[in-house]
Amino acid sequence: MSKIYALPPQNMKEAFISAIPNCTTMLLGMMTLNLWVYGHLTWGNFLGALVPMYLTAFCLDFFIVGPLVMRIVKRFQIMKFMPLIRVGLMAGILTGLAPVIETGFFPNLSQYLVALPRNYIVALLLQVLIAYKFGVYVLVRYRMVKSSINISK
């Protein structure tokens, strides 16, 4: 496989294409974990919250957290810490917001402070070990298909 396929997203379309599988993997893993921990893991709760949580998480990551993290890592030249910062911001926001969307449960401060480290660690492991690689895989496949279409023209 050529090195050009393994490059990070080069434009907004590629960022969007790699974000969809990444966000899907993170959402399925974290929703399952949190609904299970709070004792609300049922098909009704899971399926009822799936679309609102997906839209919330995707828009938050793609339009707010992603650009903010890019500014931070470029400003301080700390690109290697980008996953830590991105997952930290997403976990910090969604640890308080997800229970409200999923079950209508409003966590108090002590529940939030207990859930935040767990969610951060699990989300970081899920992001680094599975979700990021799945997003890169889809992006590489997209580039391969795109290049084969351009070659055949």
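We're numbering straight along the sequence, starting at 1.
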**Asked** Atom NZ of Lys146 and atom CG of Leu139: how far apart are they, to the nearest 0.5 Å?
**Response** 10.0 Å
**Request:** Would you list the pairs meeting ring pair (Phe, Tyr, Trp, His ring centres under 6.0 Å) in which at least one residue belongs to residues 23-44, sequence neighbours left out?
**Result:** Tyr38-Phe105
**Message:** Checking Thr103 against Asn45: is there a side-chain donor and acceptor pair closer than 3.5 Å?
**Reply:** no
Give every donor-acceptor pair under 3.5 Å between a side-chain atom in residues 57-74 and any protein atom, sequence neighbours left out.
| from | atom 1 | to | atom 2 | distance (Å) |
| --- | --- | --- | --- | --- |
| Asp61 | OD1 | Arg86 | NE | 2.8 |
| Asp61 | OD1 | Arg86 | NH2 | 3.2 |

**Trace of the side chain to side chain contact (heavy atoms under 4.5 Å, CB included) decision for Thr56 with Leu97** = CA-CA 9 Å; Thr56 302; Leu97 189 58; 3.7 Å; yes
**Message:** What I'd like to find out is whether the side chain of Tyr112 reaches to under 4.5 Å of the side chain of Leu116, using heavy atoms alone.
**Reply:** yes
**Asked** Distance from Leu33 atom CG to Leu28 atom CG, nearest 0.5 Å?
**Response** 12.5 Å
**Message:** Tell me whether Asn22 contacts the main-chain N or O of Ser18 through its side chain, where contact means a donor paired with an acceptor under 3.5 Å.
**Reply:** no
**Message:** Quick one, Arg141 with Val145, criterion side chain to side chain contact (heavy atoms under 4.5 Å, CB included). Give me CA distance, side-chain angles, the key distance, then yes/no.
**Reply:** CA-CA 6 Å; Arg141 292 291 173 204; Val145 168; 5.5 Å; no
**Prompt:** Just wondering, do Ile121 and Leu124 contact through their side chains at under 4.5 Å, heavy atoms?
**Reply:** no
**Message:** Between Gln111 and Val114, is the side chain to side chain contact (heavy atoms under 4.5 Å, CB included) condition met? List the steps.
**Reply:** CA-CA 5 Å; Gln111 291 166 325; Val114 167; 5.8 Å; no
**Item:** Value rounded to 0.5 Å, distance of CE in Met30 from SG in Cys23
**Value:** 12.0 Å
**Message:** Please report the interatomic distance CG(Leu94) to CD(Glu102), rounded to the nearest 0.5 Å.
**Reply:** 9.0 Å
**Message:** Would you say that Phe134 contacts Ile20 through its side chain, given a criterion of any heavy-atom pair below 4.5 Å between the two side chains?
**Reply:** no
**Side chains of Ile130 and Met26 in contact at under 4.5 Å (non-hydrogen atoms)** = no
**Message:** Quick check: is Met79 connected to Val136 through a chain of hydrophobic side chains (ILVMFWY, heavy atoms under 4.5 Å apart)?
**Reply:** no
**Prompt:** Are any non-hydrogen side-chain atoms of Gln127 and Thr25 less than 4.5 angstrom apart?
**Reply:** no
**Prompt:** Are Met31 and Leu50 close enough that some pair of their side-chain heavy atoms sits under 4.5 Å apart?
**Reply:** yes
**Asked** With a 4.5 Å heavy-atom cut-off, do Val128 and Tyr132 have their side chains touching?
**Response** no
**Prompt:** Are Arg143 and Val140 side-chain neighbours, meaning at least one heavy-atom pair lies under 4.5 Å?
**Reply:** no
**Prompt:** Using a distance-only test with no angle check, is there a side-chain donor-acceptor pair under 3.5 angstrom linking Thr24 and Tyr54?
**Reply:** yes
**Item:** side chain to side chain contact (heavy atoms under 4.5 Å, CB included) evaluation trace for Arg118 with Val37
**Value:** CA-CA 10 Å; Arg118 177 197 65 230; Val37 166; 3.3 Å; yes
